[in-house]
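Report on the following structure.
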Protein chains: 2
Amino acid sequence: MPVARAESDAPDVRTRILGAATRLFAARGFDATSLSEIADAVGIRKPSLLYHFPSKDDLLSGVLDALLSHWNDLLPRLLSAATSGYEQFDRVTVELVAFFVTDPDRARLLFREMLDRPEEMKARLLSYFRPWVRLLADSIAKGQEQGRVRPDVDAEAYVLHVIHLVVGGIAVREVMDVLLDGDRFVNEMLRLARASLFLSPAR
Amino acid sequence: MPVARAESDAPDVRTRILGAATRLFAARGFDATSLSEIADAVGIRKPSLLYHFPSKDDLLSGVLDALLSHWNDLLPRLLSAATSGYEQFDRVTVELVAFFVTDPDRARLLFREMLDRPEEMKARLLSYFRPWVRLLADSIAKGQEQGRVRPDVDAEAYVLHVIHLVVGGIAVREVMDVLLDGDRFVNEMLRLARASLFLSPAR
DNA sequence: CCTACCGATCGGTAGG
DNA sequence: CCTACCGATCGGTAGG
């Protein structure tokens with residue numbers, strides 16, 4: 001007996017619009033992308049798109065909400081799963097890299113938003129990301145007390161740099177990779193984050 | 001007796017156009033900036049602007065050429081001035097930071113180009129920057145032989161990361177600084193570059 | 001979800 | 001360096 005279902009089930013039109021918009025906004029930028037292009041990618045007409053998202057700005061909000069809500073789910077699970085203090089941070093870094101390597105469009109879109117709408121991103125950073133930055137900075141400070149993290153690390157500034165290292169790095173990876181083969185760029189990114197955080201094991 | 005002068009002397013119109021275009025392209029992006037806005041900023045009309053730069057694309061080329069030719073002058077002098085091997089690289093990093101901190105618009109513009117026209121930037125990286133990246137990577141390798149640079153550094157990948165760390169970092173500095181006071185972001189940027197390159201002094 | 005259409009703005013040209 | 005103007009394309013609406 002088939003389960004009852006109201007109206008939608010397959011890859012929802014609204015979801016397909018968000019996907020196409022994410023891809024095109026990331027590649028060309030918000031202003032350089034027309035609603036017709038997005039509609040074409042989905043296989044509908046522009047006025048149909050505007051039925052689902054009343055304006056281009058509403059569409060951008062939808063795209064950004066989808067991106068950030070993913071982190072809203074992932075981050076708390078990550079932080080509670082990691083038990084020890086300073087290792088917490090390394091796990092988050094690895095997961096951050098994995099998240100954006102899987103879908104570089106997200107990195108490019110986030111970076112574009114920082115450039116295009118700095119005031120909105122500042123507000124988001126203050127209200128949404130600040131608690132997480134504080135939490136991660138605290139776990140780094142704990143590592144410093146235990147003598148396993150370099151004492152000269154500015155914990156909060158370091159966290160912001162790692163976010164930039166990963167988001168910005170993945171955003172421009174394709175360009176940088178013309179001079180490098182394989183995963184050298186991503187591997188060096190992780191080495192850089194770790195080497196500048198932890199004290200050398202011996203020497 | 002006043003010196004003879006042909007036609008221009010004061011802040012040249014062409015130069016003022018390039019300045020206004022740099023500022024606006026950096027802040028809003030190429031597509032989101034209209035020729036009228038640039039002309040207004042200079043105090044002339046759009047067709048007059050198009051007399052100096054026949055098309056919007058020509059204007060962008062002019063802006064990028066001016067930016068890169070500045071480096072064309074600065075970099076060789078820097079490299080020949082620095083005598084010792086691995087310290088060369090640290091000097092270039094400090095100078096790179098100074099260059100972009102003075103004028104963050106250049107950083108934002110360069111980063112936007114990497115996002116908007118990746119193929120063109122790849123070509124530029126291959127033909128123009130590759131020799132410098134090689135040279136810097138060699139001086140890092142020399143430091144590794146002398147035992148003063150960490151042996152696990154991937155020299156070429158590291159150089160590209162430092163370029164990104166500085167260019168991208170300065171580009172988003174304004175946003176990141178809402179959570180930090182003073183020069184903490186820039187200071188931590190330099191610490192990160194150094195700590196991930198050099199071996200710890202003692203321990 | 002569509003066709004048909006709107007005013008505004010874009011990059012660029014004519015002509016002086 | 002200007003006024004006047006061009007065709008194309010934009011985001012968005014009317015109406016079904």
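All chains are named by letter (A, B, ...) in the order of the sequence lines, taking the proteins before the strands, and each is independently numbered beginning at 1. What you see below is based on every heavy atom in this structure, not just the backbone, and it leaves out hydrogens, waters and symmetry mates. Here the structure is a predicted model, which means the values were calculated and not measured.
The distance from the CE atom of B:M114 to the CZ atom of A:F111 is 8.0 Å, given to the nearest 0.5 Å.
Shown here is A:R28, whose CZ atom has no more than 12 heavy atoms of other residues, nucleotides or ligands within 6.0 Å. More than 12 heavy atoms of other residues, nucleotides or ligands sit less than 6.0 Å from atom CZ of A:R184. Within 6.0 Å of the CZ atom in A:R117, the count of heavy atoms belonging to other residues, nucleotides or ligands exceeds 12.
Taking A:R23 as the reference, A:A20, A:D105 meet the side chain to side chain contact (heavy atoms under 4.5 Å, CB included) condition, with sequence neighbours excluded.
Contacts of residues 23-32 of chain A with DNA chain D (heavy atom under 4.0 Å): none. At a non-hydrogen distance threshold of 4.0 Å, nothing from residues 55-64 of chain A comes into contact with DNA chain C.
Counting non-hydrogen atoms under 4.0 angstrom, B:L35 reaches the backbone sugars and phosphates but no base.
Side-chain contact between A:R77 and A:L74: present, with at least one pair of heavy atoms (C-beta onward) separated by less than 4.5 Å. The side-chain heavy atoms of B:M189 and B:I170, taken from C-beta on, include a pair separated by under 4.5 Å.
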> Would you write out the dot-bracket form of DNA chain C, 5' to 3', with Watson-Crick and G-U pairs under 3.5 Å, [ ] for crossing pairs, | for pairs to other strands and . for unpaired bases?
Replying inline: ||||||||||||||||
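Listed by first then second residue, pairs satisfying ring pair (Phe, Tyr, Trp, His ring centres under 6.0 Å) with a partner in residues 24-56 of chain B read B:F25-B:F30, not counting sequence neighbours.
Along DNA chain D, the nucleotide nearest to A:P47 and the one nearest to A:S34 differ in position, and the one closer to the 5' end is contacted by A:S34.
Between B:D31 and B:R112, no side-chain nitrogen of the basic residue sits less than 4.0 Å from a carboxylate oxygen of the acidic one, so the salt-bridge criterion is not met. A salt bridge links A:R191 with A:E188: at least one charged nitrogen is closer than 4.0 Å to a carboxylate oxygen. Of the charged side-chain nitrogens involved, none lies within less than 4.0 Å of a carboxylate oxygen, so that A:E145 and A:K142 do not count as a salt-bridged pair.
Nucleotides of DNA chain C with any atom under 4.0 Å from a heavy atom of chain A span, from 5' to 3', C:dC1 to C:dA4.
Using a 30° and 60° split on the angle between ring planes, B:F99 and B:H70 fall in the tilted class, from 30° to 60°.
A:R106 places no side-chain N or O within 3.5 Å of a backbone atom of A:T22 that could act as its donor or acceptor partner.
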